[in-house]
Number of protein chains: 2
Amino acid sequence: MRPTVHDIAAEAGVSLATVDRVLNNRPGVRAVTRDKVEQAIETLGYVRDVAAANLAKGRTYPLIFIMPAGDNSFMRGLEAEVRAATVRSAAERTEITILTVPAFNAQALAEALAEAHRRQPAGVAVVAIEAPEVTAAVKRLRDDGIAVVTLVSDLPGSARDHFAGVDNVAAGRTAGSLMGRFLGNREGPVAVLAGSMLVRDHRDRLEGFQAVMRDCFGTRALLPVVEGQDDAALAEKLVAALIDAHPDLAGIYSIGAGNRGLVAALEKAGKAGTICVVAHELTAYSRAALLSGTIDALLNQDAGHEVRSAIRVLKAKADGLAVIAAQERIRIDIFLKDNLPSGQV
Amino acid sequence: MRPTVHDIAAEAGVSLATVDRVLNNRPGVRAVTRDKVEQAIETLGYVRDVAAANLAKGRTYPLIFIMPAGDNSFMRGLEAEVRAATVRSAAERTEITILTVPAFNAQALAEALAEAHRRQPAGVAVVAIEAPEVTAAVKRLRDDGIAVVTLVSDLPGSARDHFAGVDNVAAGRTAGSLMGRFLGNREGPVAVLAGSMLVRDHRDRLEGFQAVMRDCFGTRALLPVVEGQDDAALAEKLVAALIDAHPDLAGIYSIGAGNRGLVAALEKAGKAGTICVVAHELTAYSRAALLSGTIDALLNQDAGHEVRSAIRVLKAKADGLAVIAAQERIRIDIFLKDNLPSGQV
DNA sequence: CTGTTAGCGCCTTCAT
DNA sequence: ATGAAGGCGCTAACAG
């Protein structure tokens, strides 16, 4: 039988309350007494039963998730994962609220953060936009003791506690590697379609992609980046224009969302399967395009993992606990049509 | 505040004990009373607090893991993950024992399963070998109400409750896709180095690989499979012979372990970076080879995920609960040198 | 500074 | 067939 607080109390010759004070390093214990208790903990090899502790505490964690609105499939999937987490709220002692804001609008995001602040949650998860007013709003939350985690897109240099998302520079590098190797010695330039340079994840991916193309496939021409605002209609127009302007276009790297438009443009131009396409995020559309051969490779971040990690970290930070970084790392999944998980999505 | 057993008891006008009987559908409750309680559960929207239930029950789960001995890095990493899980035993109410058996030895494995049976655990996780005596031993465990999960390598057609591992046919297909595309129109045959055709995972990978090479890259010659018994020294000898016999060898697909030997042979022959290599499992050796360019792509199964999933499933099955298949799916990770997680391993 | 006492939500004898 | 009472391991008032 593993030792309990009672055993420690007996071993150390003190009361339960004192043991509890030491365990939760609360004040009001003489150093000598503390030592005795810690000694007992050590010799008995005590480890606290977290479930029992939570039961006794009855603590809950009000959490707020802020994410962009719009028809971006990835973001809607992310929201679905947050909703799935609210279902588990009972077991996890969380109370999750979702706030949606217009995409790529720093002002609106800052206001949502202020609104979240008013509600006094234990923590806030936010899909960030890099802008001074957002950074400032995050700082105010942290100054008030509210934990903040950035989700999917980071806000480096801010006061946020943690970033729950992938290494987007590595993602861009991987995209570059696949593009370069898949193209081999085939002729023609490569285009890049991003969502917006306002968000850090897109900027990071671009940086990684350009670095690999430059360092490893230096002879390949890279066209200037075009920004589709993660909007399918705009993306379609832009890609159609690219195909038109560059009949020998060999590849397209799609950094953000709007893959529906990208695919439509390729198909209408009769270039599906001819131009090598590397894109991001597994959605119903991108899955179909991968299977049909219009998209050659898909880099994905698992929204479910990100949401669950964000919740774990927010709870830990709210309790002032450290997190094990390695355990919270989100991986970049690479999907070819051959290793696509059969599941839904 | 969510409702508790007390609320149900009050609402139904019965005692706590009766509510408990209904909740755990134990006998000794009149149908009318049962109905009243179920009605109350329904109207109050009660969901039981599993943590509290476990605390009260004090139930633990004795589990046995059976895995191959030897210097196979992947298997040692797997064992390390099991050991890591034993550390979490306290919180998870598990008591894990590890049994190691000689690799690729069906007789020894069957005996280990019998030994596990004698110890009467709640569940057994086993890295399987496909053989009648193993299938029979698994059946005896199941017939005795002990949950069985195959780990890494499956035993299809047996009575096992679940397989905690990747879709190895898909893994083989992915390897084929990458090999074919990376080689492009470069000349030369492709060799396959397996561990043993006795284990299902190797057979499945081979099947997937051959299918894609045949269907999508039909002009590429495939050499007959050689078996290295997951042994580095033997693998080195075999690969050296292959290189010798086929000066124009374009690619090698390494299905199993022994990558150390593979890499050594390539380096000694001065073929490192020239022959396209796709291999499995991220270990200290394969990581180094990927970074140096000797290995071009690495398919990986996350041993930690597999072990944790196996434990979750064993506990659930031991309690007679269903598992959510989608949640327990283990993914195939693809690593290029650009998306290698920076961590240890 | 330290100890006593009463729960958290659930399960389990033991009576009735 | 049903109920009362005590306890799982921990925390949180409230006393002293």
Side-chain angles (χ1 to χ4, degrees), chain A residues 1-41 44-61 89-95 315 318-321, chain B residues 1-41 44-61 88-95 319 321:
Chain A
M1 218 47 205
R2 43 194 276 236
T4 73
V5 275
H6 291 94
D7 302 324
I8 301 178
E11 173 84 12
V14 298
S15 76
L16 285 187
T18 301
V19 173
D20 186 67
R21 289 188 186 98
V22 174
L23 280 176
N24 299 286
N25 47 77
R26 267 189 286 266
V29 186
R30 263 186 316 169
V32 235
T33 319
R34 182 172 295 270
D35 283 351
K36 271 196 300 190
V37 174
E38 277 166 353
Q39 184 53 245
I41 291 176
L44 294 186
Y46 169 84
V47 289
R48 74 123 84 40
D49 182 328
V50 194
N54 282 335
L55 173 59
K57 275 201 282 243
R59 175 182 186 13
T60 60
Y61 302 80
S89 281
E92 302 183 346
R93 318 192 85 82
T94 56
E95 292 157 13
K315 286 172 69 176
D319 287 339
L321 303 175
Chain B
M1 221 44 207
R2 40 193 279 234
T4 74
V5 276
H6 291 94
D7 302 324
I8 301 178
E11 173 83 13
V14 298
S15 76
L16 287 185
T18 300
V19 173
D20 186 68
R21 290 188 186 97
V22 174
L23 280 176
N24 298 286
N25 47 76
R26 266 188 286 267
V29 186
R30 266 186 313 170
V32 239
T33 319
R34 183 173 293 272
D35 283 352
K36 270 195 304 189
V37 174
E38 277 167 351
Q39 183 53 245
I41 289 176
L44 294 187
Y46 170 83
V47 288
R48 79 123 76 43
D49 182 326
V50 193
N54 283 335
L55 172 60
K57 275 201 285 249
R59 171 173 186 161
T60 59
Y61 302 80
R88 296 189 302 269
S89 280
E92 301 182 346
R93 318 192 83 82
T94 56
E95 290 159 13
D319 287 339
L321 303 175

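Chain A is the first sequence line, chain B the second, and so forth, proteins listed ahead of strands; every chain is numbered from 1.
- Taking atom CG of residue B:N25 and atom C1' of nucleotide C:dC11, one finds them 15 Å apart after rounding to whole Å.
- Rounded to an integer number of Å, the gap from CG of B:L16 to P of D:dA1 is 19 Å.
- Between C:dT2 and A:R21, no contact under 4.0 Å exists linking OP1 or OP2 to a side-chain N or O.
- For the pair B:N54 (side chain) and B:A51 (backbone), a donor-acceptor distance under 3.5 Å is absent.
- The CG-P distance, from B:D49 to C:dG7, rounds to 19 Å in whole Å.
- Heavy atoms of B:V19 sit nowhere under 4.0 angstrom from any nucleic acid atom.
- The side chain of A:R59 contributes no N or O atom lying less than 4.0 Å from OP1 or OP2 of D:dT11.
- Of the listed residues (B:L23, B:V5, B:V19), just one forms a side chain to side chain contact (heavy atoms under 4.5 Å, CB included) with B:I41, and that residue is B:L23.
- Nearest-nucleotide mapping onto DNA chain C: of B:L55 and B:R26, the residue sitting toward the 5' end is B:L55.
- D:dA4 atom P lies 11 Å from atom NE2 of B:H6, rounded to whole Å.
- If you check every strand for non-hydrogen atoms under 4.0 Å, B:D20 touches a base.
- Side-chain proximity of B:L23 to C:dC10, D:dC10, C:dC11: nearest is C:dC11.
- Atoms CD1 (B:I8) and P (C:dG9) sit 12 Å apart, rounded to a whole Å.
- Side-chain N or O atoms of B:T94 include none that pairs as donor or acceptor with a backbone N or O of B:Y61 at under 3.5 Å.
- Distance, A:K57 NZ to D:dA12 P: 7 Å, rounded to whole Å.
- Ion pair A:R26/A:D20 flagged as a salt bridge, since at least one NZ, NE, NH1 or NH2 atom sits closer than 4.0 Å to an Asp/Glu carboxylate oxygen.
- We find that CG of B:N24 is positioned 13 Å from C1' of C:dG9, with the value rounded to whole Å.
- A:D7 places a side-chain N or O within 3.5 Å of a backbone atom of A:T4 that can act as its donor or acceptor partner.
- Contact between the side-chain N/O atoms of B:N54 and the OP1/OP2 oxygens of C:dC10 is not found at any separation under 4.0 Å.
- Residue-to-nucleotide proximity on DNA chain D shows that, of B:S15 and B:A52, the 5′-proximal contact is made by B:S15.
- A:K315 places no side-chain N or O within donor-acceptor distance of the main-chain N or O of A:R93, the cut-off being under 3.5 Å.
- Minimum atom distance to the side chain of A:T18 is reached by C:dT2, of the listed C:dT2, C:dC8, C:dC10.
- Among the heavy atoms of the strands lying under 4.0 Å from B:G28 is at least one base atom, whether or not backbone atoms are also near.
- The CG atom of A:D7 sits 8 Å away from the P atom of D:dG9 (whole-angstrom rounding).
- Within the structure, every side-chain polar atom (N or O) of A:T4 is placed at least 4.0 Å from both OP1 and OP2 of D:dG9.
- At a threshold of 4.0 angstrom between heavy atoms, the contacts of A:A17 include nucleobase atoms, whether or not backbone atoms are also involved.
- Within the 4.0 Å cut-off from OP1 or OP2 of D:dA1, not a single side-chain nitrogen or oxygen of B:T33 is found.
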